[in-house]
Structures are given as structure tokens and as C-alpha cells.
Amino acid sequence: MLLVCVVDGILPPAPAETVMVALGAVAVAEGEPNVWALIAVAALGGFLGDNLTYSLGRYTRLGRLRESPRPKVRSFVTWVTGLLLRRGGMIIVACRYIPGGRQIVNLTAGAMEFPRRRFVLFDSVAVTSWAAYNVGIGALAGNWVQEQPLLAIVVALVLALVLGWVAEQAARWWRARTEARVTAAAR
């Protein structure tokens with residue numbers, strides 16, 4: 001679990017959420033592993049991965065995406081930098097839940113030299129809530145079908161997919177609403 005969450009902090013396709021949800025379901029259905037230990041290990045792995053990505057942004061050329069020859073990449077990084085400057089904590093916590101988003105935000109935070117102490121504080125909140133959320137989904141499903149751990153895993157994964165879909169729809173609605181306000185203000 002620790003290694004999967006560290007890798008997930010660096011590479012978007014790592015299956016950390018899936019593993020946490022599945023292990024949360026098994027933990028409640030079977031009694032092992034301990035749910036609280038699972039949350040702690042997942043949070044620690046996420047924290048280490050995020051801070052490694054922050055360091056890559058700060059100390060390597062990977063963080064120099066704002067100098068990319070691709071205009072869309074440059075404008076995206078400029079936009080993320082602006083968000084971090086205005087609402088750093090909120091962005092770091094919120095993007096923890098967005099596959100790919102957390103890596104870009106953490107890399108950009110390092111590249112723009114976002115204060116390390118603030119990053120550590122906000123990232124601690126982000127990874128702890130993220131781990132508790134994902135393990136909690138699995139635990140909830142495991143509690144529903146305690147007698148059948150494999151069914152608990154399936155129910156937990158379906159529940160996680162539905163919640164992710166709902167969150168994505170809410171994010172789309174929010175973006176459309178924000179764009180409409182910006183368009184209306186520009187008139």
C-alpha cells in the first residue's frame with residue numbers, strides 16, 4: 001500500500017484509490033488489515049509521493065513546464081500557478097482528489113517555489129482526508145456485505161466509481177457556472 005501510494009503521487013495511472021477501496025472492504029469484511037493502519041500507511045505513501053513530486057518540480061527541469069514549447073502546456077501551468085498564488089491550500093487539497101491534477105499542482109508548486117512548510121501543511125490535510133475517504137468507501141461496502149469479501153470489493157469499487165462520477169459532474173457544473181460568470185462580466 002505504501003509503495004502504491006508513493007508511486008501514485010508521481011504517476012497518475014497508479015491504482016492507489018482502487019487498492020485503498022479494495023483493502024478497506026477486505027479490512028471490514030475480514031477484520032484485517034486494520035482500517036486505521038491502512039489509512040495511516042496510505043496517507044504516508046501519498047505524502048511521500050507528493051513531496052517527491054514537489055521536489056522534482058523544484059530541483060529538476062521537469063518543473064519548468066512553463067517554458068514548454070507547447071502553448072497549451074504553458075498556459076495551463078500559468079493558470080495553475082495563479083491558482084496556487086491565490087488559493088494555495090484549497091488547490092493542493094482539492095487536486096489531491098483529481099488523478100493527474102495532483103501531480104501537475106505538486107510539480108508546479110515546487111517549480112514556483114511555493115513555500116515548503118505551507119505545502120507540507122496543506123498536503124498533510126490532503127493525503128489524510130484522501131486516504132480516509134478511499135478506505136472509508138471500502139469499509140462502508142465491506143460492512144454491508146461482511147460475509148463475502150469479494151462482493152464487498154466489487155460493491156466498494158462500484159460505489160467509488162459512482163461517487164467519482166458525481167464529483168466529476170459537479171466539477172463540470174462548477175466550471176460551466178464560472179465560465180458563464182466570466183463571460184457575463186466581460187460584456
Side-chain angles (χ1 to χ4, degrees), residues 1-20 39-135 163-164 166-186:
M1 178 85 276
L2 180 74
L3 183 58
V4 169
C5 289
V6 169
V7 170
D8 182 72
I10 303 165
L11 302 172
E17 287 88 352
T18 305
V19 173
M20 282 188 286
I39 291 169
V41 168
L44 177 61
F47 180 81
L48 294 172
D50 288 355
N51 279 273
L52 181 56
T53 304
Y54 174 95
S55 294
L56 287 171
R58 190 159 193 158
Y59 302 113
T60 71
R61 298 248 338 124
L62 284 176
R64 306 303 175 236
L65 292 175
R66 66 177 168 248
E67 300 164 5
S68 172
R70 298 170 53 192
K72 286 186 178 184
V73 172
R74 280 195 318 266
S75 71
F76 180 74
V77 171
T78 300
W79 178 70
V80 171
T81 299
L83 289 175
L84 282 167
L85 289 171
R86 287 188 307 278
R87 297 182 186 97
M90 184 177 81
I91 298 304
I92 290 168
V93 172
C95 284
R96 182 77 190 61
Y97 291 85
I98 302 170
R102 66 179 147 249
Q103 291 84 3
I104 293 295
V105 165
N106 297 341
L107 201 62
T108 303
M112 65 174 275
E113 298 183 0
F114 188 84
R116 172 74 85 168
R117 284 184 180 178
R118 288 185 65 209
F119 181 81
V120 165
L121 171 68
F122 296 133
D123 191 52
S124 297
V125 171
V127 296
T128 302
S129 66
W130 171 77
Y133 166 77
N134 283 291
V135 172
L163 288 172
V166 168
E168 182 59 34
Q169 296 308 310
R172 283 188 183 147
W173 173 81
W174 184 262
R175 279 192 299 269
R177 183 176 162 218
T178 302
E179 288 173 10
R181 272 198 250 152
V182 168
T183 303

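Count residues from 1 along the sequence. Worth saying up front: this structure is predicted, and the values here are computed from it rather than measured.
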Please step through side-chain contact (heavy atoms from CB on, under 4.5 Å) for the pair Ile91 and Phe122, ending with a clear verdict.
CA-CA 9 Å; Ile91 298 304; Phe122 296 133; over 6 Å; no

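- A distance of 10.0 Å separates CG in Leu44 from OG in Ser124, rounded to the nearest 0.5 Å.
- Applying the side chain to side chain donor-acceptor pair (under 3.5 Å) test to pairs two or more places apart or on separate chains, those with a residue in residues 96-107 are Asp8-Arg102, Glu17-Arg102, Asp50-Arg96, Asp50-Asn106, Tyr97-Ser129.
- The two residues Cys95 and Val105 make their nearest non-hydrogen contact at SG-CG2, 3.5 Å.
- Between atom OG1 of residue Thr108 and atom CG of residue Leu83 there is a gap of 10.0 Å, rounded to the nearest 0.5 Å.
- Results of the ring pair (Phe, Tyr, Trp, His ring centres under 6.0 Å) test with Tyr54 over Phe119, Phe114, Tyr59 single out Phe119 as the only residue that passes.
- Here the CE-CE distance, from Met1 to Met20, works out to 5.5 Å after rounding to the nearest 0.5 Å.
- Rounding to the nearest 0.5 Å gives a distance of 4.0 Å between CG of Leu52 and CD1 of Ile10.
- Nearest heavy atoms, Ala131 versus Ile39: CB-O, 3.5 Å.
- The shortest heavy-atom contact between Val93 and Ala126 is CA-CB, 3.7 Å.
- Taking the side chain as every heavy atom from C-beta outward, Arg116 and Ser55 approach each other to under 4.5 Å.
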Show your reasoning for whether side-chain contact (heavy atoms from CB on, under 4.5 Å) applies to Met112 and Leu85.
CA-CA 9 Å; Met112 65 174 275; Leu85 289 171; 3.3 Å; yes

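- Judged purely by atom type and a 3.5 angstrom limit, Arg86 uses its side chain to pair as donor or acceptor with the backbone of Gly82.
- With hydrogens and angles disregarded, no donor-acceptor distance shorter than 3.5 Å links the side chain of Thr128 to the backbone of Val125.
- Residues Ala16 and Cys5 approach most closely at CB-SG, 4.0 Å, considering heavy atoms.
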